[in-house]
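The basis for the numbers below is simple: all heavy atoms, side chains too, and nothing from hydrogens, waters or symmetry mates.
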Amino acid sequence: MALKSEESVDVEPSSPAVSVVENRATNSQTSEGSPTVTNGAVPLSRWYPRFRGDPIYHGNVEAFGWCLDSIGRAVAFATAGAFLFPALLRLAKEAAGCETDPPPGSNKVPECNSRVYGIRPSSLLTTFTILVGVISAILLPVMGAIVDYTEKRLLVGKVTSIILCILLLPSLALSSETWFPIAILQLIVAFVGWAQTMVTYAYLPELTKSEERLNQYTQSFTIVSFSSMLLCLGFVVGISTLVGFDDDEVAVAQLGQLVAFATTTPLLYFAWFKLLKHRPASRHLPPSMPLWKAGFAQVFKSSKYINRNLPALKWFYISVMFIDAGSGSLATILITYLTDTLAFTTTENATAILAILIGSIPGAVASGYANRWWYPVKSSIVATAIMVVNTIAAAIILKGPGQQTETYILGLIWGLGAGWKWTSDRVLASTLIPAGQDAELMGVYLFAGQVLTWLPPLVFTAMNEAGVSQRAGIGTTCIWFVFGIFALFFIGDYRKAVSTVGREEIFLVDEEGAETSAQEE
């Protein structure tokens, strides 16, 4: 989704290589360590993309960098989820001596009660999700301290980008002998990815002072990142099918990781080495306090401040804790269920994820309209309710092999809810934070999204290890969604919440639901 420039300045005759446009990124810089005037003119290189002659994102280079970073991370995680994780699950079942396909004359895969490294193979992915959730919840406050108390935000982004790209390469050696070390490596990949996500989100509220434009940006980021994942997964599925190795899970996973490396590396390079800029420390480190301790102290202090002074933001963060925990674990649980119970191949798993991605695009578009019709809070409630109903339907409908069509339809609806919810949450996260406290409280937002991610997969793993049906495990994810919906209801009047924190009100809705603009009043 291209966003055109609204203002531009004529190019100096002596500088044909650049055009000058308005940059609304607060505290942006033309080069690292070389600040420009906020909202001032920033030179754009000839390579900067344009749509119908106008620079995209209104010439805001950091908004473009944010977009490229989100695409790079999304592609890396999507290829792992669609191709690598199902292959790891099948290799784990083979290592345990279990059947991976229904026997002749049956449409049901025999239940695997054997164990590998102390757990059922079907508990492999959810166990890793538990570990990633716990490690991330512990270490993310340290990353938040680096963002708040040092000038290393850009440097951390560069380093994590390099590490993330390098760690994609070992998966090219996936085999029956290397599957477990590669599975362990995914723990590191997941943490590095989340560390980079935290650094990236600190830039989000600073991209523009206009909340209306920020809504446009967040909607665009969602559509572009999901569309990129869609194209990437479709490319891998198409190539593997055309060449004829779509039934070889390991080969497809290797191709997926190769495509991820080739796509993610240049995108993260341009984002972090060309577009996103240096930031000074937003606060001073207390004397004699180590950096790691300052991070936890800041989370505690910020949480107390939010609880006492920002009730709307408090309830939004509580909703994020539960809904993100449910949605994050749902992806891993679904991959496990589709591979283990429905006997999906790697390409069929990827097709199911493609269906989710396709549904997410109209979901993001619907969110943009719903945010104006109902305000973002009600919009987020509706999106989560869609996911609840669809998850219950999946637990009832999906019973065994041969249900590809039903799975793809349910995937489209999940995508609709996820794309809708993700876009609304980005707007809420940026508009409910008091002006001037963006970096500090955006870190708390990301911490809230991670702090309970270990709990739903822990419940599913415990049920799976006890022999309870995985269908029941899928249904338990609705519990977290429902808790999140209740929290959203407690936010109250969105307009009052935005006004309280000194933000510009983007959405004005009359009694009949007609949209008006804040600038028109």
Pick out which of Thr347, Asn349, Leu255, Leu233 makes a side-chain contact (heavy atoms from CB on, under 4.5 Å) with Phe83. Leu233
Does a side-chain heavy-atom distance below 4.5 Å link [X] with [Y]?
X      : Y      : value
Asn371 : Ser424 : yes
Ile361 : Leu357 : no
Val377 : Phe489 : no
Leu185 : Pro181 : no
Ile130 : Thr461 : yes
Leu174 : Leu91  : yes
Ile335 : Phe344 : no
Thr476 : Pro456 : no

Plane angle bin for [Y] and [X] - parallel if under 30°, tilted between 30 and 60°, otherwise perpendicular:
X      : Y      : value
Tyr117 : Trp179 : perpendicular
Phe483 : Trp480 : perpendicular
Trp422 : Phe226 : perpendicular

Short side-chain donor-acceptor distance under 3.5 Å, [Y] and [X]:
X      : Y      : result
Gln403 : Thr407 : no
Ser161 : Gln196 : yes
Thr129 : Trp454 : no

Centroid separation Tyr201 to Trp194 less than 6.0 Å: no
Name all residues meeting the side-chain contact (heavy atoms from CB on, under 4.5 Å) criterion together with Ile318; count only those two or more places apart in sequence or in a different chain, and write none if there are none. Lys314, Trp315, Phe322, Ala487
What residues form a salt bridge (charged side-chain N to carboxylate O under 4.0 Å, His left out) with [X], not counting sequence neighbours?
X      : answer
Arg471 : none
Asp324 : none
Arg90  : Asp101, Glu249

Would Leu268 and Ile162 count as a side-chain contact (heavy atoms from CB on, under 4.5 Å) here? Give the steps. CA-CA 8 Å; Leu268 295 188; Ile162 294 172; over 6 Å; no
Kindly say whether Thr345 contributes a backbone atom to a donor-acceptor pair with the side chain of Glu348 at under 3.5 angstrom? yes
Quick one: does any side-chain atom of Thr341 pair with a main-chain N or O of Leu338 as donor and acceptor, under 3.5 Å? no
Could you walk me through whether Val388 and Ile485 pass the side-chain contact (heavy atoms from CB on, under 4.5 Å) test, one step at a time? CA-CA 10 Å; Val388 170; Ile485 289 175; 4.3 Å; yes
Identify the heavy atoms of Ser319 and Gly484 that sit nearest to each other, and give their distance. CB-O, 3.4 Å
Apply side-chain contact (heavy atoms from CB on, under 4.5 Å) to Leu276 and Arg153, showing your working. CA-CA 10 Å; Leu276 293 169; Arg153 185 196 301 186; over 6 Å; no
Among residues two or more places apart or on two chains, list those pairs meeting salt bridge (Lys or Arg N to Asp or Glu O under 4.0 Å) that have a residue in residues 445-468. Arg115-Glu465
Applying salt bridge (Lys or Arg N to Asp or Glu O under 4.0 Å), which residue pairs with at least one partner in residues 388-401 are found, sequence neighbours left out? none
Residues Asp425, Ile323; criterion side-chain contact (heavy atoms from CB on, under 4.5 Å); working and verdict: CA-CA 11 Å; Asp425 275 6; Ile323 296 174; 5.5 Å; no
